[in-house]
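Take a look at the structure set out below.
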Amino acid sequence: EGIETAAILRMAHMSTGIAAIMVDERGENQIAVASGANMSLDAQRVDRAFVGRTFPRDGVCVLSFEVPDAPLVRAARLA
């Protein structure tokens, strides 16, 4: 699909983050989250992921709100 994956970091000592979403009969949801490795992402890791990379002007940077705010803000600024 042409999705860049070179900066993906595997953290063998940490579990993957997951979430379970349950919806009741009124359509209200409850979300249970186990953040796992997601919470270890920081702005410095984002900086390292962007080093030496160039991106097309019409490219897309996809961000997920399942990590702390600081790395999201840093990635958005760098993108």
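Everything numeric in this text was worked out from a predicted model, so none of it was measured.
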Using the rule that two of Ile, Leu, Val, Met, Phe, Trp, Tyr join whenever any of their side-chain heavy atoms come within less than 4.5 Å, decide whether Phe65 and Val46 are in one cluster.
yes
Listed partners of Leu9 passing side-chain contact (heavy atoms from CB on, under 4.5 Å), at least two apart:
Met11, Arg45
For Ala12, what residues pass the side-chain contact (heavy atoms from CB on, under 4.5 Å) criterion, not counting sequence neighbours?
none
Verify the neighbour count for atom CZ of Arg77: are there more than 12 heavy atoms of other residues, nucleotides or ligands below 6.0 Å?
no
Can you give me the closest heavy-atom contact between Ala75 and Cys61, atom names plus distance?
O-SG, 4.5 Å
Enumerate donor-acceptor pairs with a distance under 3.5 Å from any side-chain N or O in residues 26-38 to protein atoms, sequence neighbours excluded.
from: Arg26; atom 1: NH2; to: Asp24; atom 2: OD2; distance (Å): 3.2

Starting at CG of Asp69, measure out to CZ of Arg74 and round the result to the nearest 0.5 Å.
15.5 Å
Check whether Val67 and Ile18 end up in the same hydrophobic cluster, where Ile, Leu, Val, Met, Phe, Trp and Tyr are linked by side-chain heavy atoms less than 4.5 Å apart.
no
Hey, any chance Leu78 and Val73 share a hydrophobic cluster, counting ILVMFWY side chains that come within less than 4.5 Å of each other, even indirectly?
no
Heavy-atom pair with the smallest gap, counting every atom of Leu41 and Pro71
O-CG, 3.5 Å
